[in-house]
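Have a look at the structure below before the remarks.
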Amino acid sequence: NLGILATTLIKVIGTDMAFGWQSTLQVSSNVVYSVVKWLALPWSWFVPPELAHPTLTQIEGSHMILKDGIYHLATSDLVAWWPFLFFAVLFYGLIPRIMLFLFGRITQNYLLHNINFTHGSCDQLVDRMTTPQVQFESMEESLPKEAVTGASHNRTPEADKPGIDKKFIVLIPDDIFEATSDKDLKKVVRQTLNGKIVEKIRIDVQDKHEATAGDQLIPSKTENDWDHILILQEAWQPPIIENIAFIKMLRQQQGNRTPILMGLIGKPGPETIFTRVKPVNWQTWKEKIMAIGDPYLRVERLKHGD
């Protein structure tokens, strides 16, 4: 549009341009004048009348007939059209595009400013990017006493370890509560989710009375200073209606933006319950949880293998 406007001005200034109109249809000059006058409304209120649009006389004088040519037409009538064409491109071409561009930029900035990066997918991405994968531990346990002093420089100070971002309330089903080692649970939550455990709570999702009283099971955030809920779940057991109902009950009671994680483990082994999850079980739970359509609910494997 800027090119069209510049070209129009250059052509008008540097050449002898003649403008006229004609139509195969039998259109009278009065009809053309009415259309032109209506199209000029956006600028005719502040532009002088002689520049806003051609007059009825000028429209009649610039009506070209193919067989007659333009020799009999007056120059003043033939040049009366260019200001109208210039303003038409300006108001119907350039200005609407500028307005749409500004509206798009303002809307884009507003939407980007209001994006909340706390939902499950972003939270999971941050976990992948910040959870430590390489650890350095002390060699004291494997070295003799006389070598401990010399090996002490290999230890990583506690202050140098990555910070803990999340504080979890861990809900553990009744049938594996006793088998859940505090030490193993803390280690897994630390390594996998970069968090620490504030409190662990025994639950039974099949107990309807207890499920309806879920708000009494979980202490308030101000009371225990937690920010995430982790539900421990054996992945080899398929998701049942009671599991989904319990999750929806938690969501209703804890608010729309409280992060809830389903922490999947494999079949408990003789030494620990934190075993690898089989791919088929992982896919089953993942599809079931995603079907709920909750952006702040996600599924995690608590044991990824060596």
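Using the six-membered ring where Trp is involved, His53 and Tyr33 have ring planes that are perpendicular, over 60° apart on the 30 and 60° scheme.
With salt bridges taken as basic N to acidic carboxylate O contacts below 4.0 Å, one links Arg202 and Asp174.
For the pair Thr180 and Lys200, the tightest heavy-atom approach, listed with the atom from each and the gap, is O-NZ, 3.6 Å. Between Ala235 and Val277, the closest heavy-atom pair is CB-CG1, 3.5 Å.
With sequence neighbours excluded, the residues that form a side chain to side chain contact (heavy atoms under 4.5 Å, CB included) with Leu41 are Trp38, Ser44. For Ser220, the side chain to side chain donor-acceptor pair (under 3.5 Å) partners at least two apart in sequence or on another chain are Thr222. For Val47, the side chain to side chain contact (heavy atoms under 4.5 Å, CB included) partners two or more places apart in sequence, or in a different chain, are Trp43, Leu51, Ala52, Phe87. Not counting sequence neighbours, Glu50 has no partner by the side chain to side chain donor-acceptor pair (under 3.5 Å) test.
Residue Glu178 holds its CD atom at 10.0 Å from CD1 of Ile172, rounded to the nearest 0.5 Å. Atoms CG and NZ, on Leu302 and Lys187 in that order, are 13.5 Å from each other to the nearest 0.5 Å. Atom-to-atom distance recorded for Leu39:CG and Phe91:CZ is 13.0 Å, nearest 0.5 angstrom. The line from CG of Leu297 to CD1 of Ile292 is 5.0 Å long, rounded to the nearest 0.5 Å.
Shown are Val198, Leu185, Leu230; of these, the side chain to side chain contact (heavy atoms under 4.5 Å, CB included) with Phe168 is made only by Leu230. Partner Leu264 forms a side chain to side chain contact (heavy atoms under 4.5 Å, CB included) with one of Leu232, Asn281, Val299, Ile231 and no other, that one being Val299.
Within the structure, salt bridge (Lys or Arg N to Asp or Glu O under 4.0 Å) contacts touching residues 279-291 (residues at least two apart or in different chains) do not occur.
Enclosure of atom CE in Met290 is not indicated, since only 12 or fewer non-hydrogen atoms of other residues, nucleotides or ligands lie within 6.0 angstrom. The 12-atom threshold is exceeded at CD of Glu199, counting heavy atoms of other residues, nucleotides or ligands nearer than 6.0 Å. The local environment of CD1 in Ile115 is crowded, with over 12 non-hydrogen atoms from other residues, nucleotides or ligands closer than 6.0 Å.
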Result block: side-chain N/O donor-acceptor pairs under 3.5 angstrom for residues 100-114, not counting sequence neighbours:
residue	atom	partner	partner atom	Å
Thr107	OG1	Phe103	O	2.7
Asn109	ND2	Arg105	O	3.2
Asn114	ND2	Tyr110	O	2.6

Dump the intermediate steps for side-chain contact (heavy atoms from CB on, under 4.5 Å) on Ile218 and Ile229, then the final yes or no. CA-CA 9 Å; Ile218 302 178; Ile229 296 177; 3.9 Å; yes

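Side-chain contact between Gln254 and Ile169: absent, with no pair of heavy atoms (C-beta onward) separated by less than 4.5 Å.
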